[in-house]
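Here's the structure we're looking at; comments come further down.
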Amino acid sequence: MAAGNGVRQALSAGTQRVFFALWPGARVRAELAQAARRMQRVLRGRRTRDDSIHLTLAFIGEVDVDILPRLLAPPAGVFTPAFLLTLDNWGSWERNGIGWAAPSRIPDPLRDLAANLEGWLRGAGFELELRTFAPHVTLVRKAQYAPLPDSMMRIAWQVNEFALIHSQLAPDGARYRMLRAWPLKRGA
Ligand code: 3AM
């Protein structure tokens with residue numbers, strides 16, 4: 001598949017599967033991992049590996065490695081101020097068997113960051129799926145659909161950076177690895 005100005009997103013040798021995401025630090029990661037364990041007791045399914053917990057901002061997919069440098073240079077217009085993200089809601093989607101944690105209110109800088117990334121990537125010729133941005137942290141896959149107890153989730157995540165993540169698909173679940181992170185604007 002070749003996009004407008006020559007960016008190739010195709011399955012071939014020499015490609016990497018990548019996406020932009022928020023990648024939590026140790027404290028938030030531990031709190032989300034604990035929430036995932038509680039969630040799994042209700043929903044069953046398979047937990048996200050603790051070291052793979054993230055919030056996807058823009059999924060790109062397979063790209064030729066020789067265009068990776070372009071993804072490693074997000075333009076200044078993408079960057080928003082740092083922000084506080086409160087994950088105070090959790091639930092599951094019946095259609096895809098995902099158990100998630102999410103904010104009940106999406107902070108403007110989070111919405112802007114995702115929109116800026118999308119605008120930049122589309123403008124650069126990457127083909128992204130048309131999906132409304134529904135920020136969530138996937139905690140469990142292949143989950144049963146069941147109600148979760150109310151008011152069990154409140155995680156305060158100070159988001160100071162975003163990252164490009166490499167995804168390695170494996171039979172027991174994808175492995176994710178941060179390729180690079182960029183600081184958001186501080187003290188705005
Ligand atoms: O962050 P989560 O787990 O919600 O579902 C995939 C995963 O989402 C999603 O990108 C994240 C990292 O793999 N994803 C996979 N394929 C996708 C696609 N074609 C996709 N998102 C949008 N379009």
Side-chain angles (χ1 to χ4, degrees), residues 1-3 7-12 15-25 28-29 31-33 35-37 39-40 43-65 67-68 71-72 74 85 87-104 106-107 110-111 113-145 148 153 155 157 159 161-181:
M1 200 186 336
V7 174
R8 289 195 60 220
Q9 284 170 274
L11 255 176
S12 68
T15 66
Q16 287 200 359
R17 184 180 166 89
V18 293
F19 60 98
F20 284 97
L22 302 181
W23 197 254
V28 171
R29 172 178 312 289
E31 289 184 31
L32 283 164
R37 284 171 171 77
M39 180 179 277
Q40 192 187 31
L43 302 183
R44 307 289 163 192
R46 195 179 68 211
R47 258 188 300 116
T48 304
R49 292 164 53 94
D50 293 0
D51 62 5
S52 289
I53 290 174
H54 66 274
L55 186 151
T56 301
L57 294 169
F59 181 82
I60 300 164
E62 298 282 343
V63 294
D64 283 1
V65 287
I67 61 119
L68 261 187
L71 293 174
L72 290 168
L85 177 62
L87 300 170
D88 55 358
N89 193 13
W90 67 353
S92 61
W93 287 318
E94 195 167 14
R95 61 185 153 82
N96 57 11
I98 280 181
W100 45 261
S104 58
I106 304 175
L110 172 57
R111 204 182 281 288
L113 181 58
N116 294 347
L117 283 167
E118 183 182 347
W120 164 49
L121 293 166
R122 284 194 197 284
F126 291 92
E127 292 172 359
L128 309 180
E129 262 185 27
L130 282 173
R131 283 191 195 175
T132 307
F133 182 53
H136 65 279
V137 179
T138 296
L139 297 178
V140 176
R141 291 177 201 279
K142 300 188 191 307
Q144 293 169 8
Y145 181 68
L148 287 158
M153 159 78 63
I155 296 175
W157 181 356
V159 177
E161 61 178 31
F162 69 99
L164 185 66
I165 308 297
H166 175 251
S167 164
Q168 181 82 54
L169 297 179
D172 60 340
R175 305 284 157 94
Y176 302 126
R177 178 171 59 87
M178 186 197 287
L179 293 174
R180 192 171 300 172

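Both counts, for ligands and for their atoms, begin at 1 and track the order of listing. Keep in mind that what you see is a predicted model, and the values were worked out from it rather than measured.
- Sparse packing is recorded around CZ of Arg44, with 12 or fewer heavy atoms of other residues, nucleotides or ligands lying under 6.0 Å away.
- Residue contact annotation: Trp100 has no non-hydrogen atom under 4.0 Å from ligand 1.
- Relative orientation of the Tyr176 and His54 rings is perpendicular, given thresholds of 30° and 60° on the angle between their planes.
- Neither the backbone nor the side chain of Glu62 comes within 4.0 Å of ligand 1, counting heavy atoms alone.
- Here the side chains of Arg29 and Trp23 are in contact, with some heavy-atom distance below 4.5 Å.
- Interface atoms of ligand 1 facing Tyr176, defined by a heavy-atom separation under 4.0 Å, are 12 (C), 13 (O).
- Every atom of ligand 1 is numbered from 1 in the order shown, and the set under 4.0 Å from a heavy atom of His136 is 4 (O).
- For atom 3 (O) of ligand 1, the closest non-hydrogen atom on the protein side is Arg141 NH2, 2.7 Å.
- Counting only heavy atoms from C-beta outward, the side chains of Glu118 and Phe133 never approach each other to under 4.5 Å.
- The protein heavy atom nearest to atom 19 (N) of ligand 1 is Glu129 OE2, 3.0 Å.
- With ligand atoms numbered from 1 in the order given, ligand 1 contributes 15 (C), 16 (N) to contacts under 4.0 Å with heavy atoms of Arg17.
- With contacts defined as side-chain heavy-atom distances shorter than 4.5 Å, the pair Leu68/Leu164 qualifies.
- No more than 12 heavy-atom neighbours from other residues, nucleotides or ligands sit within 6.0 angstrom of CZ on Arg111.
- Distance screen at 4.0 Å: atom 22 (C) of ligand 1 has a protein heavy-atom neighbour inside the cut-off.
- In this comparison of Thr48, Ile53, Thr56, the heavy atom closest to atom 7 (C) of ligand 1 sits on Thr56.
- With respect to atom 2 (P) of ligand 1, the closest heavy atom belonging to the protein is Thr138 OG1, 3.4 Å.
- Under the 30°/60° scheme for interplanar angles, the aromatic rings of Phe162 and Phe20 are found to be tilted.
- Considering only heavy atoms from C-beta on, Leu22 stays 4.5 Å or farther from Pro24 through its side chain.
- The shortest contact between atom 9 (C) of ligand 1 and any protein heavy atom is with Phe59 CD1, 3.9 Å.
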